[in-house]
Amino acid sequence: QAQLVESGGGLVQPGGSLRLSCAASGFTSDSATIGWFRRAPGKEREGVSCISSRGNSTSYVDSVRGRFTLSRDNAKNTVTLQMNSLKPEDSAVYYCAALSWRACTAAVRGNIREYQSDYRYWGQGTQVTVSS
């Protein structure tokens with residue numbers, strides 16, 4: 001059974017850091033782009049970052065570029081989102097997903113409804129709260 005499991009969320013003060021992990025099982029994760037998405041209360045889900053299947057390409061939404069770094073270890077079937085200089089507006093439930101590169105980068109550009117058939121699997125989400 002294909003599965004994505006996020007971990008690493010929590011409560012952090014503004015300016016702090018968190019590291020989110022996405023562990024894949026039950027499918028060939030190194031053949032898929034992995035994307036991170038987030039949904040804040042009252043807002044639509046948005047694409048945050050993408051990493052290609054081999055890890056040689058990444059994409060970030062403008063609001064996190066320079067603060068978030070996405071990496072993957074295909075030997076461990078794990079993708080890691082390092083989040084630094086966190087702001088209150090980063091508070092949301094964060095999800096990882098296995099999908100195509102074109103679907104992920106469209107979502108990061110703000111077109112989350114494009115290429116819906118390319119979304120394969122979703123994790124259950126992990127809460128990130130940035131507050132003093």
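One is the number of the first residue; the rest follow in order along the sequence. Quick note: numbers below take in every heavy atom, side chains included, and nothing from hydrogens, waters or symmetry partners.
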Practice task
Please determine if Glu46 and Arg39 form a salt bridge, counting it only when a charged side-chain N lies under 4.0 Å from a carboxylate O.
Solution key: no

Handout entry: Asn74 and Arg72: side chain donor to acceptor below 3.5 Å
Key = yes

Handout entry: Ala32 backbone acceptor or donor facing Ser53 side chain under 3.5 Å
Key = no

Problem - Any side-chain heavy-atom pair of Cys50 and Thr33 under 4.5 Å - result: yes

Problem - Student check: side-chain heavy atoms of Leu18 and Met83 closer than 4.5 Å - result: yes

Exercise for the section: Taking only Lys NZ, Arg NE, NH1 and NH2, and the carboxylate oxygens of Asp or Glu, determine whether Glu89 and Lys43 approach each other closer than 4.0 Å. Expected result: no

Exercise for the section: For residues Arg67 and Gln82, determine if any side-chain heavy atom of one lies less than 4.5 Å from a side-chain heavy atom of the other. Expected result: no

Handout entry: Contact check, side chains of Arg19 and Thr80, non-hydrogen atoms, under 4.5 Å
Key = yes

Problem - Distance-minimising heavy-atom pair for Glu6 and Gly125 - result: OE1-N, 2.9 Å

Handout entry: Hphob cluster co-occupancy, Ile112 + Val61, side-chain heavy atoms under 4.5 angstrom
Key = no

Practice task
Return yes when atom CZ of Arg65 has more than 12 non-hydrogen atoms of other residues, nucleotides or ligands closer than 6.0 Å, and no otherwise.
Solution key: yes

Fill in the blank from the handout: Closest non-hydrogen contact found for Arg38 with Ala92 is CB-CB, 3.8 Å

Completion exercise
Here the pair of heavy atoms bringing Leu70 nearest to Thr58 is O-CG2, 3.9 Å

Exercise for the section: Say whether, by atom type as modelled, one donor and one acceptor occur between the side chain of Asn84 and the main chain of Gly15 under 3.5 angstrom. Expected result: no

Exercise for the section: For residues Ser91 and Ala40, report the shortest heavy-atom separation together with the two atoms involved. Expected result: O-CB, 3.7 Å

Exercise for the section: Check the hydrophobic clustering (I, L, V, M, F, W, Y; side-chain heavy atoms under 4.5 Å; chains of links allowed) and say if Leu99 and Val93 are grouped together. Expected result: yes

Practice task
Check whether any side-chain heavy atom of Ser59 lies under 4.5 Å from a side-chain heavy atom of Cys104, and answer yes or no.
Solution key: no

Fill in the blank from the handout: Val48 and Tyr94 have their tightest heavy-atom pair at CG2-CE2, 4.4 Å

Practice task
List the steps, then state whether ring pair (Phe, Tyr, Trp, His ring centres under 6.0 Å) holds for Trp36 with Phe68.
Solution key: CA-CA 11 Å; Trp36 281 94; Phe68 290 13; 9.8 Å; no

Completion exercise
Residues Phe37 and Ala107: closest non-hydrogen pair is CE2-CB, 3.5 Å

Problem - Pairing of Lys87 and Asp90 as salt bridge, 4.0 angstrom limit - result: no

Problem - Charged tip of Arg45 within 45° of Tyr95 ring normal and under 6.0 Å - result: yes

Practice task
Verify, without hydrogens or angle tests, whether Ser52 (side chain) and Ser57 (backbone) share a donor-acceptor contact under 3.5 angstrom.
Solution key: yes

